[in-house]
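By convention in this document, chain letters (A, B, ...) are assigned in the order of the sequence lines, proteins followed by strands, and residues within each chain are numbered from 1.
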Number of protein chains: 2
Amino acid sequence: MSAPASKSPATLHDVAREAGVSLATASRSLNGSARKVNEAYRQRVVEAAQRLGYTTNLFAQAVAKGSTTTVALLVADIADPYFSSIAAGVINAANEEGLVVTIAVTGRDTQRELDTVRALRGQRPRVMILAGSRTTGSAYEEQLRSELASFEDTGGKVSFISQDAAPFATVLLDNRGGARDLAVALAELGYRDFAVIAGPREIRTAQDRLEGFAEGLAEHGIPLAPERVVHADFTRDGGYRGAQELLAAGADVDLVFAVNDVMAVGVVSALRDAGIEPGSGIGVAGYDDIPTVRDITPALTTVRIPLEDVGRRALQLATGSAYDDGVPDSGEGPAPIPTETVLRGSTPRR
Amino acid sequence: MSAPASKSPATLHDVAREAGVSLATASRSLNGSARKVNEAYRQRVVEAAQRLGYTTNLFAQAVAKGSTTTVALLVADIADPYFSSIAAGVINAANEEGLVVTIAVTGRDTQRELDTVRALRGQRPRVMILAGSRTTGSAYEEQLRSELASFEDTGGKVSFISQDAAPFATVLLDNRGGARDLAVALAELGYRDFAVIAGPREIRTAQDRLEGFAEGLAEHGIPLAPERVVHADFTRDGGYRGAQELLAAGADVDLVFAVNDVMAVGVVSALRDAGIEPGSGIGVAGYDDIPTVRDITPALTTVRIPLEDVGRRALQLATGSAYDDGVPDSGEGPAPIPTETVLRGSTPRR
DNA sequence: CCTAACAGAGAAAGCGCTTACCGAGCAGGC
DNA sequence: GCCTGCTCGGTAAGCGCTTTCTCTGTTAGG
């Protein structure tokens with residue numbers, strides 16, 4: 001495959017020459033400028049651009065204007081439906097505003113997250129959205145925050161998804177409340193012996209769900225013994241192994257709550273492999289309401305989050321274009337996104 | 001949240017001044033330049049950059065160098081596991097090469113695809129990867145191709161995923177062959193009365209799978225009547241409705257093949273809702289081997305594609321960094337990615 | 001010692017675009 | 001009819017970088 005002649009793309013200069021006008025006029029005609037341009041001229045320029053197949057070089061435009069149209073999105077794992085749904089929301093919202101989104105994945109690795117943030121800053125994005133970030137306890141937390149703070153100092157906007165990360169904007173998910181409601185609903189269904197597959201300890205979101213769940217149980221006077229909690233890594237396999245661990249410990253459990261659906265799916269599989277029927281044998285519940293859980297058997301009880309909306313709002317929060325769509329936006333303090341407990345076959349009444 | 005003073009980010013100029021060297025030296029020290037720089041100077045510059053929290057402005061660098069480090073990825077729907085897995089592959093491979101990826105979604109809409117390609121060109125990406133594109137029959141096809149051709153003329157590289165799109169590079173998936181093998185395997189299992197939920201007619205990938213499947217059946221002397229083929233849109237709901245349609249037509253079917261797993265999941269659900277047990281009643285098979293299908297009941301028979309690898313290779317194909325990883329790379333003609341029929345519970349022996 | 005050859009720092013000219021600023025042309029007012 | 005005041009092209013100065021080219025300071029060879 002020998003490199004073809006490869007002329008470089010037409011520049012504004014070429015367009016101006018082709019149209020027989022000045023560079024300035026060409027620029028004004030093509031990119032929405034405040035200044036008016038004689039319609040006849042504009043026409044000529046547009047046609048010339050057409051003819052040459054010209055597209056504005058966004059990079060050059062960015063350096064000239066000193067601002068870009070890029071949104072950077074950091075997710076832990078794009079193949080995870082939780083994140084890909086959020087990404088869909090961000091991308092759609094961004095496109096509507098003529099913004100372009102750059103995605104990077106951090107693989108749930110703190111060091112990599114930090115490196116990625118740094119690298120992404122080179123793009124001078126208008127907005128940086130962090131989903132699935134660990135903002136708790138890690139040695140890197142401070143570095144991350146200072147990196148982000150400096151990003152905001154230089155005119156960027158950051159928004160977090162899920163856990164509160166003041167002073168940065170956040171699309172707050174009421175993880176604690178959602179889990180609490182779920183616990184209450186399950187207790188009311190008659191479950192008593194709970195175990196939970198928690199997430200990584202350093203992830204606030206995971207921790208909140210765990211704590212909220214315990215709170216809900218407490219309201220019904222049900223304790224959650226520490227040995228009934230195993231920590232896993234948010235993956236299906238993690239959930240699978242977590243369930244095995246629980247089973248091996250021989251505890252008398254009638255419901256397993258996994259703090260995300262992906263792990264819950266693993267739990268269902270582990271139970272089945274151990275000869276226990278999920279649902280009728282041991283109840284299973286998850287969190288997120290990813291599409292899959294409606295299709296497995298039994299369908300999973302979970303807590304629904306409007307993931308795509310979450311992505312949308314994360315962007316709007318940053319661009320300030322949050323036209324009010326029903327979700328109360330009480331000034332500064334962002335109201336959490338409402339979640340909803342969805343009871344399905346995996347948790348029949350006891 | 002009043003806008004803070006918002007100083008602009010440190011520039012190379014600032015760094016140079018801070019380090020007491022010239023702009024040129026600063027540039028050379030920070031970004032791998034061919035020219036050598038006295039180590040003592042380099043040190044000073046690096047430290048100064050550190051101190052100022054400087055990160056190279058990639059945009060400015062791009063305009064100066066005349067080339068970017070961006071990869072543009074177009075997918076039909078990022079929330080679809082097929083695409084998000086591919087995206088994961090692309091992103092990982094790109095990160096390894098220090099490239100940044102921009103994702104746009106086209107929503108399976110031709111006009112939008114074309115617009116998106118145009119918009120993305122403004123970013124002057126090094127590479128443009130198209131997955132799930134319609135390259136057949138649409139009125140826009142020619143426009144798309146000419147847009148892409150012109151992109152390549154100006155130094156870009158495009159690579160397609162799935163269907164051959166000569167003269168552009170392609171990560172060829174042997175859709176026809178994979179479907180043929182699947183059909184053969186199913187026929188050998190004893191199935192005789194087939195129906196298929198095909199994809200949109202204008203999508204080559206969908207069409208190939210349909211045709212390959214028919215070929216496989218033909219090898220066993222089994223016909224596939226046109227009324228046994230319904231077209232749907234690659235979504236779960238599409239699959240659901242397709243199956244309903246088939247059922248309503250009252251055909252005597254013992255196996256439904258949906259040309260992608262997402263629709264197959266819909267089929268399973270539709271059958272169940274109609275009181276027919278998927279597997280023991282009517283067999284179901286899909287294509288892609290997305291994670292979900294292993295977890296539903298019955299687990300779905302399907303054709304496995306190493307999706308992440310596909311994404312990886314799409315990038316490598318374009319950047320020319322295809323270190324040989326076992327997949328034969330016979331010079332120009334790209335060998336198709338090998339697929340594998342995976343028989344599971346949804347197609348028990350008859 | 002002197003000259004040739006070579007490093008390697010710095011000055012400056014771009015890269016493709018935006019945007020003051022300038023100035024020509026024209027309309028209207030007195 | 002002359003002046004004021006618009007309107008709207010064009011000129012040119014950047015934006016933050018890279019890179020060529022110039023030029024000085026060293027080193028080495030004779």
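The separation between A/L12 atom CG and D/dG14 atom P is 20 Å, rounded to whole Å. If you take CG of A/D14 and C1' of C/dC17, they are 13 Å apart, rounded to a whole angstrom. For the pair B/N57 CG and C/dC17 C1', the computed distance is 14 Å after rounding to whole Å. What separates NZ of B/K65 from P of D/dC15 is a distance of 22 Å, to the nearest Å. For the pair A/R44 CZ and D/dC8 C1', the computed distance is 15 Å after rounding to whole Å. Distance B/N38 CG to C/dG10 C1': 14 Å, rounded to the nearest Å. Note: CG (B/L58) to C1' (D/dC17) measures 11 Å, nearest angstrom. Spacing between atom CZ of A/R17 and atom C1' of D/dT11 amounts to 17 Å, rounded to whole angstrom units.
When the nearest nucleotides of DNA chain C are assigned to B/L23 and A/A26 by heavy-atom distance, the more 5′-ward of the two goes with B/L23. Looking at which nucleotide of DNA chain D each of B/A24 and B/V63 is closest to, the 5′-most match is held by B/V63.
Without hydrogens or angle criteria, A/S159 side chain to A/A314 main chain gives a donor-acceptor distance under 3.5 Å.
When heavy atoms are screened at a 4.0 angstrom cut-off, A/T11 is found touching the sugar-phosphate backbone but no base atom. Note on B/Y41: only backbone sugar-phosphate atoms sit closer than 4.0 angstrom, heavy atoms only; bases stay farther off.
Remark: A/N31 is in phosphate contact with C/dT18, judged by side-chain N or O atoms under 4.0 Å from OP1 or OP2. For A/T25 and D/dG10, the shortest distance from a side-chain N or O to OP1 or OP2 is below 4.0 Å. The side chain of A/S27 places an N or O atom within less than 4.0 Å of a non-bridging phosphate oxygen (OP1 or OP2) of C/dT18.
Of the charged side-chain nitrogens involved, at least one lies within less than 4.0 Å of a carboxylate oxygen, so that A/R108 and A/D80 count as a salt-bridged pair.
Between the side chain of A/R28 and the base of D/dT7, no donor-acceptor pair under 3.5 Å is found. Judged by distance alone with a 3.5 Å cut-off, no donor-acceptor contact links the side chain of A/R124 to the base of D/dG16.
Residue B/A60 places its side chain closer to D/dG16 than to any other of D/dT19, C/dC17, D/dG16. Among D/dG9, D/dC17, C/dG10, the nucleotide with an atom closest to any side-chain atom of B/Q61 is D/dC17.
Crowding of A/Q50 atom CD: a count of heavy atoms from other residues, nucleotides or ligands under 6.0 Å not exceeding 12.
Applying the salt bridge (charged side-chain N to carboxylate O under 4.0 Å, His left out) test between A/R145 and each of A/E141, A/E142, A/E147 identifies A/E141 as the sole match.
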Checking A/T70 against A/T102 for the side-chain hydrogen bond (donor to acceptor under 3.5 Å, both in side chains) test, could you report, in this order, the C-alpha distance in whole Å, the side-chain angles of both residues, the deciding distance, and whether it holds? CA-CA 7 Å; A/T70 305; A/T102 284; 5.4 Å; no
